[in-house]
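Read through the structure below, which is laid out as structure tokens, and then see the notes.
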2 protein chains.
Amino acid sequence: MAARIDELDRKILSELQADASQSLDEIARKVGSSKTPVWNRIRKLREAGVIGKQTVLLEPEALGFDACFFVLIRTSEHEAGWQERFLATLRARPEVMEAHRLAGDIDYILKVRVENARAYDRFYQALIAEVKIHNVTALLSMEELKFTTGLPL
Amino acid sequence: MAARIDELDRKILSELQADASQSLDEIARKVGSSKTPVWNRIRKLREAGVIGKQTVLLEPEALGFDACFFVLIRTSEHEAGWQERFLATLRARPEVMEAHRLAGDIDYILKVRVENARAYDRFYQALIAEVKIHNVTALLSMEELKFTTGLPL
DNA sequence: AGTGAAAGGCGCCGACA
DNA sequence: TGTCGGCGCCTTTCACT
């Protein structure tokens, strides 16, 4: 699955991660190339699925999302049907920012962004009403020390 | 800190989150307004710090980042000096995608993206060499079930 | 606060080396 | 594969409502 990427591609991706609003000329200058080759490479990287969607990062606190929880989930159910229902629930719930299936004794971890603790409880109640869950631990974030979407190229 | 945002702002932010490469005309049409007002609102939201940086989301697996760990950290040190060193280490390490200070008996959680388990171990060794840590639990992600940067507006 | 128009810049695509 | 040049759209601004 890992695409063939050379040094120039890496530099271009790095620039795009840092600031996707830069002009082609600007990127070309920084990576030591020029418009057309840079543009062709970006197109190829997009087609190859290396570059996903272009977005803006919003400030959660400025929008009233003051609470962030990491939710550790243990389940006793491991049939396909259960996992499908669980997955569908996660996908349907916009407050679930991230969900991973884990190795080890904890089965899943979620990252959930909500307005406040009450909103988290609503989410929690809705979740356990939809799927049977053996054990849930919620870790409340007091402070986001670091956040980046940029991979270390 | 929460900015005053009306329904139109919310729609605009939603569109930008979904696809920041859209033209102003397109966004204006979708939210039922026109170019200039949309542009003015975007500028204000940027100045207010609601809209942060514009970026592209890269596909980790296409770039060889096949391993993702959530790291639960307990420490016995709670002085300011220790936390400063810890924070500086996290900031300096590009494989740390996310770091939160928590409430409860676990003190910190990190999200770490690396090439493979060996790269994680290098990170782990470097971390405990730099700061004294009481207890570390690493949760290995087997599968990313969901990932979004889009807040639920 | 929204409309319309005008200008400069930039993405995108050609031909050429 | 990289450079140059042009067409047309899109951002950005301003004057008016």
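Throughout, a chain's letter reflects where its sequence line sits, starting with A, and its residues are numbered from 1.
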What is the distance, rounded to the nearest whole Å, between atom [atom1] of [X] and atom [atom2] of [N]?
| X | N | atom1 | atom2 | answer |
| --- | --- | --- | --- | --- |
| B:Ile42 | D:dT11 | CD1 | P | 9 Å |
| B:Leu8 | C:dA1 | CG | C1' | 11 Å |
| B:Lys44 | D:dT12 | NZ | C1' | 16 Å |
| B:Arg41 | C:dT3 | CZ | P | 11 Å |

Quiz item: Residues two or more places apart in sequence or in another chain: which of them pass side-chain hydrogen bond (donor to acceptor under 3.5 Å, both in side chains) with A:Glu84?
Solution: none
Quiz item: Looking at residues at least two apart in the chain, or sitting in another chain, which of them share a ring-ring contact (aromatic ring centres under 6.0 Å, His included) with B:Tyr124?
Solution: none
Quiz item: Looking at residues 11-40 of chain B, who's got a heavy atom less than 4.0 Å off DNA chain C?
Solution: B:Ser34, B:Thr36, B:Pro37
Just distance, no hydrogens or angles: give the donor-acceptor pairs under 3.5 Å from side chains in residues 132-151 of chain A, sequence neighbours left out.
| unit_1 | atom_1 | unit_2 | atom_2 | d |
| --- | --- | --- | --- | --- |
| A:Lys132 | NZ | A:Glu77 | OE2 | 3.0 |
| A:Ser141 | OG | A:Glu143 | N | 3.4 |
| A:Ser141 | OG | B:His100 | ND1 | 2.8 |
| A:Glu143 | OE1 | B:Arg101 | NE | 2.8 |
| A:Glu143 | OE1 | B:Arg101 | NH2 | 3.0 |
| A:Glu144 | OE1 | A:Arg113 | NH2 | 2.7 |
| A:Lys146 | NZ | B:Leu90 | O | 2.9 |
| A:Lys146 | NZ | B:Arg91 | O | 3.4 |
| A:Lys146 | NZ | B:Arg93 | O | 2.9 |
| A:Lys146 | NZ | B:Val96 | O | 3.3 |
| A:Thr148 | OG1 | A:Gly150 | N | 2.9 |

Practice problem: Using only heavy-atom distances, determine whether the side chains of B:Asp19 and B:Ser21 contain a donor-acceptor pair under 3.5 Å. | Solution: yes
Would you give me the side-chain donor-acceptor pairs under 3.5 Å for residues 49-58 of chain A, sequence neighbours excluded?
| unit_1 | atom_1 | unit_2 | atom_2 | d |
| --- | --- | --- | --- | --- |
| A:Thr55 | OG1 | B:Gln17 | O | 2.7 |

Quiz prompt | Set of residues satisfying salt bridge (Lys or Arg N to Asp or Glu O under 4.0 Å) with respect to B:Arg46, sequence neighbours excluded | solution = none
